[in-house]
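Read through the structure below, which is laid out as structure tokens, and then see the notes.
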Amino acid sequence: MPHTFCLHPRWIIPIEPLGLVLENHAIAIEDGAIKAILTQQQARERFPHVEHQVLHKHAVLPGFVNAHGHSAMSLLRGIADDLTLMDWLQNHIWPAEKRHVSDMFVFDGTQQAMVEMLLGGTTTINDMYFHHEAVARAGLSATMRTVIGCSILEFPTPFAANAAEYIEKALAAESQFRGEALLRFTLAPHAPYTVSDDTFKRVQILAEQLDCKIHCHIHETAFEVEESLKQHGNRPLARLNHLGLLSERLIAAHGVHLLPEEIASLAHAGASVAHNPSSNLKLASGIAPIHALRQAGVNVGIGTDSAASNNKLDMLAETRLSALLPKVQAQSAEAIPAAEALRMATLGGAKAIGLDHLIGSIEVGKRADLIAIDLSNPETQPCFHPISQIVYAADRQHVTDVWVDGEMVIQGRQFRTLDIHEIRLKTEWWYQKIMDASSKA
Ligand SMILES: [Zn+2]
């Protein structure tokens, strides 16, 4: 017998077509897939013997796709703030990672991040980190769709000694988790300033062979661009293009400092940009030209980056910024309307990671990664336009229910998959360990 149930929210925001809001409709879900979208009366007639969940104060929409993050770094949230990217990385984050990062750190930190993300309506994370098995186990334990980005760098960390070993571990992870419905895999050369030409070339060949995406920090800061000009005689994107990496496989995290011809080349290649507005603001990296990218036809997803540089894994907050910042930048209040920002946070991210055939919108045949947002709170009343209400007024605490692959993960803000008390204790343990180590350093 198939497992079927119906959701009857006040509003459905399917994302596709852009701006559509269905009122008093229902979604029928069968074995984790969206089977039908119909009126509430039709749903009761067609599916008389299944559970019908009424959400009369809610909007149901696809779960957010966090297009760029480093989940395990949640354990380093607030360890060093108000610093430039290079100072932050070289003097604080990399030394702390060298001291602490292990399988256990990554599993515990990723679970901690997933609690926060799922409670805020994020159902998919495009992650980039080390200890891939731990990331995979955390994703499966939380029932969160997880794209495991296998970091590749030239320099040693406790995880691997050199680029060859990072790649070896990436390939092992890819074969280990192939076929897991909730897991996907990307090769993640960290950034142009940490990866050599030879390694980039190898990554490109492997991505072709494995048919996977390439997830890379790119054009995040002006410093990165200047250094590339000094060391390689060209800008990072030109270098990647020369090495064969500028293609529809590329998920360019950040893309803050882009010339008009670089925006055109991203569009021509069919590459995606993962936009991380809070992280870019906090590290003073700049504001990515999202309006220009979208006008050129570049697919844009929205990400949080890590809790060490944001410091919230809050996709609603990032979506709001993704609608607000382009207006100032383009000096036009019409730049990136609310519906467009919400599409970037869902379908845009899904397309970036190559899962737009499965998730990112509410369409028959897609997997049921869905969230319900209660719009009856004082902060979101009255509700003339549910989409703009969600983007401009709703808060992540208004997300009440979350389904991933048709499975109810959160009901009435209560987890059905994870023991959040146990996770809180583990985070407290890590806090003590990191504090003790830093006082000895
Ligand atoms: Zn990042």
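First listed ligand is number 1; within each ligand, the first listed atom is number 1.
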With sequence neighbours left out, write down each residue that passes side-chain contact (heavy atoms from CB on, under 4.5 Å) with Ser141, or none if nothing qualifies.
Phe107, Gln111, Leu418

The Zn ion (ligand 1): which protein N, O or S atoms are under 2.8 Å away?
His68 NE2, His70 NE2, His217 NE2, Asp305 OD1

Looking only at heavy atoms, what is the nearest atom pair of Leu250 and Leu245, with distance?
CB-O, 3.6 Å

In terms of ring plane angle, is the pair His217 and His70 parallel, tilted or perpendicular, where the classes change at 30° and 60°?
parallel

Test of understanding: with ring pair (Phe, Tyr, Trp, His ring centres under 6.0 Å), list the residues that count as partners of Tyr431, not counting sequence neighbours.
none

All ring pair (Phe, Tyr, Trp, His ring centres under 6.0 Å) counterparts of Phe200, not counting sequence neighbours:
none

How long is the gap from NE2 on His398 to CD1 on Ile371, to the nearest 0.5 Å?
13.0 Å

